[in-house]
Undergrad: 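To start, I am sharing the structure in question, which I have written as structure tokens.
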Amino acid sequence: MRKLGQKYLQSVQRAIDVVKYIAENQEDGVTLKDISKKFSKTPSTMFPILNTLIYAKLIQVKNKRYRLSPEILRLSFCVSSNISAKSVAHKYLEKIAHELEGNAHLGLLSEMSVIYVDRVVNSPRGYTYSNIIGMVASGYRTGLGKALIAFQGDNFIREYLSREKFEKLTPYTITDPDELLEEFKRVRRDGYALDRQESTEGVSCVAVPILSCYPYPCYSVSIALPHSRFLENFDSIVRTMTEVAEKIGEEMRRLEV
């Protein structure tokens with residue numbers, strides 16, 4: 001067993017080393033021959049490792065040249081910006097929670113789900129989870145998730161719709177893939193996402209992606225309100241959330257330079 005465990009550890013280490021090597025040559029990419037020569041292994045030995053890394057979405061291959069995938073680049077960007085994003089966004093969460101009298105959230109896209117990174121509560125009644133920070137939620141039924149998924153690449157959206165297991169939490173939850181695709185198109189067109197009682201009956205929200213230097217957003221910001229007030233003040237809520245997301249994005253861009 002010890003020898004078997006050591007063998008797997010060596011395979012993991014070799015895969016890590018391959019990723020690092022590809023990262024060092026990201027601009028031009030590397031071929032299977034380059035990788036085999038670098039690690040003094042036959043192509044038949046290295047090929048399964050490369051296929052595993054492709055399956056894990058850590059690398060991609062085009063014209064027989066391997067490069068890091070957009071997914072690993074996005075994840076590395078999210079990790080490097082996580083602390084600054086929360087510190088920048090928190091004061092704006094406080095602002096919109098106070099002005100709109102609702103619960104404000106900052107969400108992070110992780111693989112195909114959304115993680116609640118920060119939250120400011122200012123609701124007359126506790127209509128959402130109390131310990132929400134760190135919670136992972138399906139993207140299709142949250143404003144935060146829709147705002148992020150809609151602004152990823154078309155390939156990401158197609159894969160998301162083919163892989164996600166849709167569950168109808170309320171009578172209003174959208175679970176039809178074709179309907180969700182149209183919803184994502186609307187979000188991308190209008191610049192904001194809606195959760196119309198899709199997670200919790202009686203509660204709706206507006207969410208906007210935070211666009212920084214990276215091509216695809218990692219973060220989004222939302223406000224959750226009683227559905228009746230959401231309907232009464234819809235236009236002003238959208239304007240406020242759009243302005244806040246733009247300001248957070250501007251501050252993050254300055255930090256990223």
Undergrad: Please check if any side-chain donor atom of Asn233 sits under 3.5 Å from a side-chain acceptor atom of Ser236, or the reverse.
TA: no
Undergrad: State whether a side-chain donor-acceptor pair under 3.5 Å links Ser44 with Thr42.
TA: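 Result is yes, a qualifying pair exists.
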Undergrad: So does Glu243 pair up with Arg239, basic N to acidic O under 4.0 Å?
TA: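 A salt bridge is absent here (no side-chain N lies under 4.0 Å from a carboxylate O).
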Undergrad: In this structure, are over 12 heavy atoms from other groups packed under 6.0 Å from Lys33 atom NZ?
TA: no
Undergrad: Would you check if there is a donor-acceptor pair between the side chains of His90 and Glu94 at a distance under 3.5 Å?
TA: yes
Undergrad: Tell me whether Val238 is reachable from Leu106 by hopping between hydrophobic residues (I, L, V, M, F, W, Y) whose side-chain heavy atoms are closer than 4.5 Å.
TA: yes
Undergrad: Hydrophobic cluster membership, with links at side-chain heavy-atom distances under 4.5 Å among I/L/V/M/F/W/Y: are Met112 and Leu161 in one?
TA: yes
Undergrad: Report the distance from atom CD of Gln152 to atom CD1 of Ile157, rounding to the nearest 0.5 Å.
TA: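 Answer rounded to 0.5 Å: 7.5 Å.
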Undergrad: Under the salt bridge (charged side-chain N to carboxylate O under 4.0 Å, His left out) criterion, do Arg188 and Asp154 qualify, and how do the steps go?
TA: CA-CA 11 Å; Arg188 192 182 291 185; Asp154 291 339; 3.1 Å; yes
Undergrad: Output yes when Lys57 and Glu159 qualify as a salt bridge under the 4.0 Å nitrogen-oxygen rule, no when they do not.
TA: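 A salt bridge is present here (some side-chain N lies under 4.0 Å from a carboxylate O).
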Undergrad: Under the rule for ring-ring contact (aromatic ring centres under 6.0 Å, His included), what residues qualify as partners of Phe151, not counting sequence neighbours?
TA: none
Undergrad: Once you round to the nearest 0.5 Å, how far does CG of Leu144 lie from OG of Ser113?
TA: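 Separation between the atoms: 12.5 Å.
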Undergrad: For residues 190-199, which residue pairs qualify under salt bridge (Lys or Arg N to Asp or Glu O under 4.0 Å), counting only residues two or more places apart or in two chains?
TA: Lys146-Glu198, Glu183-Arg196, Arg186-Asp190, Arg196-Glu198
Undergrad: Rounded to the nearest 0.5 Å, how far apart are NE2 of His227 and CD of Gln197?
TA: 4.0 Å
